[in-house]
Structures are given as C-alpha cells and as structure tokens.
Asker: 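Got a structure here, written out as structure tokens. Questions coming.
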Amino acid sequence: MKYLQFTNGDKIPQLGLGTWKSSDEEVKDAVIAAIKAGYRHIDCAPIYNNEKAIGEAFAYCFENGLVSRKELFVTSKLWNNAHAKEDVVPAIKKTLDDLNLNYLDLFLIHWPVAFQAEVVFPSAPNEFVSLEDAPLTQTWQGMIEAKEAGLTKHIGVSNFSTKKLEQLLMAFPEHKVEMNQVELHPYLQQNEVFKFCQEHSILVTGYSPLGSGDRPESNKKDNEPSLLNNETVLAIAQEEKATAGQVLLSWHLHRGTVVIPKSTNEQRIKENLAAVDLMLTASQLERIEALNQNYRFVDGSFFTPEGSPYTLDNLWDNENY
Ligand code: A2P
C-alpha cells in the first residue's frame, strides 16, 4: 500500500474502498472482501444509507482478527441537515454507533450546502438553508469540537472550492482543514483546487474516479463521456497489460492524491487494489493529463432547483463546473 501523510505525521492509505451506491445487502460482503484483499481504508457517509451494514463488516473483521482498529483508516461525513454547530457532535456519534466504532480517522463536511434539521433531502426550496443563515464557519466549530472530544482524529471538507477553503483557513488558522474530497479523474483534473490544497498542506481525495457509472439515471446527463472506454486510457491499459480501471486509479496515485473507487464485486475490488503496483511512464501520464475537459459527473444540480439559495455558480464559485 502507498500512503500520504497528514501534517502531524499520521498516514492515510492512498487507495480506499468507496461505498457510495453500495447497497445495504452488498456492502457488508464488499467491505469484508476488501479488508481480506488488503484494503485498509474505507470511505463512508450516513447519506449512503449503509453505515450499519458496514459496521457489521467491521465488527466481523475485528472479531475474526482480519484487521485491528488501529490498522484501519475510516472516513465518514457530516450530512447537510446537521450543519448547526450543536448538531455536529450528535451526528458523528450516530455515525460511530452505526459503524460500531469509537472514533473515526477522518470526518468531513460532506457538502457546502445546508438543509433544515431533520430534512434528509429537500422536497421544497424552503427546506434548504442558505450559507448566510448556516455559515460554514459555525459548522467548522462543531467539527473542531468533535476532534477535540476524540471522536475523530482528523477533520476536513468535501466539494469545497478554493474560495470556501480560504474562508475556513483564514477564520481558523489553528484548526486547518486537513482534507478536501472532490470529484477527480482525467476529465476533471481540478488543477486549481489541487494546487491550492498542496500549497496549504491540505490532502486531496478523488471521488468518482471511474465515472460512477452506477449513479441513478436521474443524476446522469445525456451523452456523458466514458472514462473506462476512453481510447487513450484503453491504449495505455493495453501497453501495460492492465485494465482501464487500473490506469485511471494509477494516475491518482502518481499525482499524489487519495482515491476511493467503489466496487461491490470481489474481482474488481482486487483489481482496483492492484493499481497500487502499476507504474506509468511520464509520457503516459502526459497523455492522460491531455484528457482534461473540466467535466463533472456529479455537478450538484440536485441542490439547485428553482427557489433554492444554491446555484451552480455559488456552489462551485465558478471554479470548473
Ligand atoms: P461494481 O460495483 O459492480 O464493481 P466510481 O468509483 O467512479 O463511483 O465507479 C463505480 C462504478 O464502477 C460501479 O458501477 C462499479 O461497479 C464500477 N467499477 C468498479 N471498479 C471497476 C473496474 N475496475 N472496472 C470497471 N468498472 C468498475
């Protein structure tokens, strides 16, 4: 396994298992298969509706000596209906309870988007809360409390623009954002965000590295480009006797980000982990860099219905969407 380091020296395995879209029925076996195969990093979130099943997998693995808690890196996220400062600690406690853990390694603000408390997903525009009414700085104070209470070792954010990162860095110089998890792949290389994060010692995790082809149809646009069938990616896969998925994942590892491919298929779980051993040449990496087209598969438009305080412009702050 390859690792990146937080500023305090703690390590995060560079390749982890994603669990978004993994059903409750499938995810327990997927997590156990991943841990047996050698994964030591599992990415979770309460909105994926499967944390209890993942908790069963962790309990099975600990009881059967497949892995110890210390060897495992577990991330989860704060959902949009718990952004009030006082709601953060109860939210992480619920997640810990579901996951059968007593601490997380990393806890992230899932989106810079707030909902009314108790609303899982707004069905009307008035169920959103604007960032003026639910400032991210207050949410961050709750995140700091969770860390200081020992409920998580590290804290960070997800889907944040450089503008929003800067706001938190300036407001909390003593409690810096440690991770920004964003959509990342050759079609959306996020060079600006990545450079900003490097300059401020913020690690970056890439989600949807394979294009998340199993998203619900309602989340898809017409004529989406395919990463796994991209000609350049396929050609490099052939040159290296690897698969397209492995080439896509290896690109992240070379670039120095964390990557969390989702799979519930044992064969592909193993295949994805083997990307850690795939070395690409400088010229192969350049050919992949040339594929950037600032294309988002997950553009956040589900947060921007008519009447919502969120628009694609204020969500991404005009940075690459
Ligand atoms: P499955 O779970 O059946 O393996 P992302 O990580 O970008 O969200 O992509 C997840 C999607 O990609 C899922 O449909 C998953 O299916 C599929 N997938 C995972 N690993 C591979 C792979 N190595 N090759 C092709 N498809 C993959």
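First listed ligand is number 1; within each ligand, the first listed atom is number 1. Index from 1, following the sequence.
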Asker: Atoms of ligand 1 less than 4.0 Å from Ser263 heavy atoms?
Answerer: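 By the 4.0 Å cutoff, the relevant atoms are 1 (P), 2 (O), 4 (O), 19 (C).
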Asker: Side chain, backbone, both or neither: which applies to Ser22 and ligand 1 if a contact is any heavy-atom pair less than 4.0 Å apart?
Answerer: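 Ser22 to ligand 1: no contact under 4.0 Å from either part.
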Asker: Of the listed options (Asp214, Thr19, Leu210, Leu184), which comes nearest to atom 13 (C) of ligand 1 when hydrogens are ignored and any heavy atom counts?
Answerer: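 Checking each option, the heavy atom nearest atom 13 (C) of ligand 1 is found in Asp214.
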Asker: If we set the cut-off at 4.0 Å for heavy atoms, which region of Ile269 has an atom near ligand 1: side chain, backbone, both, or neither?
Answerer: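 Contact part for Ile269 vs ligand 1: neither.
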Asker: Only one of Phe160, Trp79, Phe115 clears ring pair (Phe, Tyr, Trp, His ring centres under 6.0 Å) with His110; which?
Answerer: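 Between His110 and the candidates, ring pair (Phe, Tyr, Trp, His ring centres under 6.0 Å) is satisfied uniquely by Trp79.
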Asker: Salt-bridged, Asp214 to Lys220, with N to O below 4.0 Å?
Answerer: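 Looking at Lys220 together with Asp214, the answer is no, because their closest N to O distance does not fall below 4.0 Å.
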Asker: Ring-plane angle category for His154 and Phe6, please: parallel below 30°, perpendicular beyond 60°, tilted otherwise.
Answerer: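 Parallel: the ring planes of His154 and Phe6 meet at under 30°.
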Asker: Give me the ring orientation class for Phe58 and Phe62: parallel if the planes are under 30° apart, tilted from 30 to 60°, perpendicular past 60°.
Answerer: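 Plane angle under 30°, so parallel.
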Asker: Which bit of Lys21 gets closer than 4.0 Å to ligand 1, counting heavy atoms only: side chain, backbone, both or neither?
Answerer: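 Side chain only.
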Asker: Which heavy-atom pair separates Phe121 from Glu127 by the least distance, and what is that distance?
Answerer: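 Distance-wise, the nearest heavy atoms are O-OE1, 4.3 Å.
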Asker: Identify, for atom 8 (O) of ligand 1, the protein heavy atom at the shortest distance, and state residue, atom and that distance.
Answerer: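 For atom 8 (O) of ligand 1, the nearest protein heavy atom comes out as Ser212 OG, 2.5 Å.
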Asker: Might you confirm whether atom CD of Gln238 has over 12 heavy atoms from other residues, nucleotides or ligands at distances under 6.0 Å?
Answerer: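 Atom CD in Gln238 is not packed in, count stays at 12 or less.
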Asker: Charged N to carboxylate O below 4.0 Å: is that the case for Glu51 and Lys77?
Answerer: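 Salt bridge between Glu51 and Lys77, a charged N being under 4.0 Å from a carboxylate O: no.
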Asker: Ligand 1 and Asn272, any nitrogen or oxygen pair closer than 3.5 angstrom?
Answerer: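 Right, the criterion is met.
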Asker: Distance under 4.0 Å to a non-hydrogen atom of Gly211: what atoms of ligand 1 satisfy this?
Answerer: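 So the atoms of ligand 1 that pass are 7 (O).
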Asker: Could you pull out, from Gln267, Lys262, Glu183, the option with a heavy atom nearest to atom 16 (O) of ligand 1?
Answerer: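 The option holding the nearest heavy atom is Lys262.
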Asker: For ligand 1, which atoms sit closer than 4.0 Å to a heavy atom of Asn265?
Answerer: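 Numbered from 1, ligand 1 contributes 4 (O).
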Asker: Tell me the closest heavy-atom pair linking Asn180 and Ile202, and the distance in Å.
Answerer: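 Where Asn180 meets Ile202 most closely, the heavy atoms are N-CG2, 3.7 Å.
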Asker: For atom 26 (N) of ligand 1, which candidate among Val259, Thr264, Val298, Leu228 provides the closest heavy atom?
Answerer: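 Nearest heavy atom to atom 26 (N) of ligand 1 lies in Leu228.
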Asker: Got the closest protein heavy atom to atom 3 (O) of ligand 1, with its distance?
Answerer: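 Protein heavy atom with the smallest distance to atom 3 (O) of ligand 1: Arg268 NH2, 2.8 Å.
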Asker: Do any nitrogen or oxygen atoms of Ile260 come within less than 3.5 Å of a nitrogen or oxygen of ligand 1?
Answerer: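 N/O-N/O distance under 3.5 Å: no.
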Asker: Looking at Trp316, is Arg296 sitting on its ring face, NZ or CZ under 6.0 Å from the six-membered ring centre and within 45 degrees of the normal?
Answerer: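 Verdict for Trp316: a cation-pi partner in Arg296.
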Asker: Could you tell me, atom by atom, which parts of ligand 1 come under 4.0 Å of a heavy atom of Pro261?
Answerer: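 Those qualifying, in numeric order: 6 (O).
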